[in-house]
Amino acid sequence: MKTFTLGLTAAAALALAACSQNAQEQTEQAADAVAADTEATTRNAVNDVDAASDRALGSAERSMDNAGDRIENGARKAGDSISNGADAAADATGNALTRAGNAIRDR
């Protein structure tokens, strides 16, 4: 009977050890899977932030370029208006002087 109990105890100990080893391996595999998922999620998050930053900077750059173009066009139009106004004023002054000169000559 003693031998039987000893054999049964040994078998139970081996089964428990095997079960414990299996549980450890499964726990390790689960931990590895969680770590891999966390790494992938973090990598995706970093890539998403990088892409969003690139889009935002590109948009800001385009806005600045567009603003610069509008300022340049506005300045060009203002310069053209000033030039045209100065030409018209010079023409009007010249015509007034011509009329004045003609009026003096006729007297």
Side-chain angles (χ1 to χ4, degrees):
M1 181 78 161
K2 213 176 194 187
T3 307
F4 177 73
T5 304
L6 227 107
L8 190 57
T9 303
L14 286 174
L16 185 58
C19 183
S20 177
Q21 181 63 33
N22 187 25
Q24 285 179 348
E25 289 174 2
Q26 288 180 357
T27 301
E28 281 182 39
Q29 290 171 355
D32 289 345
V34 168
D37 287 347
T38 301
E39 181 183 355
T41 301
T42 302
R43 187 174 35 254
N44 288 339
V46 168
N47 290 342
D48 290 347
V49 169
D50 285 346
S53 296
D54 288 345
R55 284 192 304 272
L57 291 174
S59 177
E61 184 178 7
R62 284 189 299 280
S63 294
M64 294 295 284
D65 287 345
N66 291 338
D69 290 344
R70 285 193 297 273
I71 290 169
E72 186 177 331
N73 289 338
R76 187 179 306 113
K77 287 178 183 178
D80 290 346
S81 293
I82 291 169
S83 178
N84 291 339
D87 285 346
D91 290 344
T93 301
N95 290 336
L97 289 173
T98 300
R99 284 191 303 272
N102 287 339
I104 293 172
R105 194 173 1 165
D106 287 339
R107 286 186 194 223

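Residue indices begin at 1 and follow the sequence shown. Computed from a prediction, not measured in an experiment: that's the story for all the values here.
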- Item | Residues Arg105, Asn102; criterion side-chain hydrogen bond (donor to acceptor under 3.5 Å, both in side chains); working and verdict | CA-CA 5 Å; Arg105 194 173 1 165; Asn102 287 339; 2.5 Å; yes
Would you list the atom pairs, donor with acceptor, under 3.5 Å between side chains in residues 55-67 and any protein atom, with sequence neighbours excluded?
unit_1	atom_1	unit_2	atom_2	d
Arg62	NH1	Gly58	O	3.3
Ser63	OG	Ser59	O	3.0
Asn66	ND2	Arg62	O	3.3

Result block: side-chain N/O donor-acceptor pairs under 3.5 angstrom for residues 72-79, not counting sequence neighbours:
unit_1	atom_1	unit_2	atom_2	d
Glu72	OE2	Arg76	NH2	3.1
Asn73	OD1	Arg76	NH1	2.9
Asn73	ND2	Asp69	O	3.3

- Item | Qualifying residues under side chain to side chain contact (heavy atoms under 4.5 Å, CB included), relative to Ser83, sequence neighbours excluded | Asp87
- Message: So, using side chain to side chain contact (heavy atoms under 4.5 Å, CB included) as the criterion, who are the partners of Arg43 when residues are at least two apart?
- Response: Glu39, Ala40, Asn47
